[in-house]
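Notes follow once the structure below has been shown.
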Amino acid sequence: MSLNTILVVEDEPLIAMMIEDFLELLGKKIVGPVDCVADGLAAVARGGIDAAILDVNLTGGETSDAIADALAAAGVPFMFASGGSGSGIAERFEDRAVLSKPFTMDSMERAIAGLEPMQA
């Protein structure tokens with residue numbers, strides 16, 4: 001199954017716009033971007049998501065852990081986007097892909113392609 005519809009959880013507007021631009025150039029449909037846990041959980045609950053890119057730390061001290069839990073429960077592959085070397089990623093998600101900021105369109109494309117086997 002191809003990963004065409006990507007949920008973007010990112011609280012920095014400029015980074016969110018860059019991710020949107022990259023995904024559009026890669027021919028992906030974007031859900032979001034959303035910038036908080038409540039909106040991310042609502043997007044997961046609506047369904048129709050093939051994969052997700054989650055900023056680790058969100059505004060107001062929130063983390064994307066609850067969204068990651070919901071995606072994992074739904075069998076939707078996801079990766080984290082982090083400004084540090086995976087800083088803040090919960091231990092239970094240490095095996096998930098991390099897209100280190102700053103990233104390029106090529107690194108995003110490779111990371112998304114790497115998620116495909118997890119879909120099965």
Side-chain angles (χ1 to χ4, degrees):
M1 177 181 214
S2 186
L3 303 178
N4 291 319
T5 305
I6 312 291
L7 169 63
V8 176
V9 178
E10 174 59 63
D11 64 337
E12 293 290 335
L14 291 176
I15 295 173
M17 287 189 320
M18 181 185 70
I19 293 171
E20 280 185 288
D21 289 346
F22 286 174
L23 290 174
E24 285 175 3
L25 288 168
L26 293 170
K28 306 298 183 186
K29 180 181 174 196
I30 297 117
V31 175
V34 299
D35 63 359
C36 66
V37 171
D39 291 346
L41 290 174
V44 174
R46 281 191 298 274
I49 298 167
D50 298 325
I53 300 172
L54 308 177
D55 185 11
V56 176
N57 296 302
L58 303 171
T59 304
E62 287 188 320
T63 68
S64 58
D65 291 353
I67 302 167
D69 286 331
L71 290 164
V76 176
F78 60 90
M79 72 179 93
F80 291 101
S82 175
S85 57
S87 61
I89 295 176
E91 191 174 318
R92 67 188 177 278
F93 301 123
E94 287 177 349
D95 62 334
R96 299 294 177 148
V98 176
L99 189 59
S100 296
K101 297 175 186 175
F103 44 81
T104 64
M105 188 169 75
D106 288 341
S107 64
M108 179 179 289
E109 184 175 28
R110 284 191 305 274
I112 291 170
L115 290 177
E116 302 251 14
M118 297 168 60
Q119 186 69 18

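Just so we're clear, the structure is a prediction, and the values are computed from it rather than from any experiment. We number each residue from 1, following the sequence as shown.
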Hey, can you pull the donor-acceptor pairs under 3.5 Å for the side chains in residues 31-42, sequence neighbours left out?
none

### Task
Report whether Met79 and Leu25 are members of the same hydrophobic cluster (ILVMFWY, side-chain heavy atoms less than 4.5 Å apart, transitive linking).
yes

### Task
Return each pair, listed once, that meets salt bridge (Lys or Arg N to Asp or Glu O under 4.0 Å) where at least one residue sits in residues 55-80; pairs must be two or more places apart or across chains.
Asp55-Lys101, Asp69-Arg92

### Summary
Residues at least two apart in sequence or cross-chain that pass side chain to side chain contact (heavy atoms under 4.5 Å, CB included) with Ser107, listed by chain then number, are Leu99, Phe103, Thr104, Arg110

### Task
Can you sort out the partners of Phe93 under ring-ring contact (aromatic ring centres under 6.0 Å, His included), two or more places apart, ordered by chain and number?
Phe78, Phe80

### Query
Taking atom CG of Leu26 and atom CG of Asn4, what is their separation to the nearest 0.5 Å?
11.0 Å

#### Entry: Ile19 side chain near Ile30 side chain, heavy-atom distance below 4.5 Å
no

### Query
How about Ile53 and Met108: do any of their side-chain heavy atoms sit closer than 4.5 Å?
yes

### Query
Is there side-chain contact between Val76 and Val44, with at least one heavy-atom pair below 4.5 Å?
no

### Query
Rounded to the nearest 0.5 Å, how far does CG of Leu7 lie from CD1 of Ile49?
4.5 Å

### Query
Going from CD1 on Ile112 to CG on Leu3, what distance comes out if it is rounded to the nearest 0.5 angstrom?
8.0 Å

#### Entry: Pairs touching residues 11-47 that satisfy ring-ring contact (aromatic ring centres under 6.0 Å, His included), sequence neighbours left out
none

### Nearest-0.5 Å distance, CD of residue Glu109 to NZ of residue Lys28
8.0 Å

### Nearest heavy atoms of Arg96 and Ala72, plus distance in Å
NH2-CB, 4.0 Å

### Query
About how many Å separate CD1 of Ile6 and NZ of Lys29, when rounded to the nearest 0.5 Å?
11.5 Å

### Task
Return the set of residues passing side-chain hydrogen bond (donor to acceptor under 3.5 Å, both in side chains) with Asp21 (not counting sequence neighbours), or none when no residue passes.
none

### Message
When you group the ILVMFWY residues by side-chain heavy-atom contacts below 4.5 Å and let the links chain together, are Met105 and Val8 in the same group?
### Response
yes

### Task
Give a yes or no answer on whether the side chain of Glu10 reaches the backbone of Glu12 with a donor-acceptor pair at less than 3.5 Å.
yes

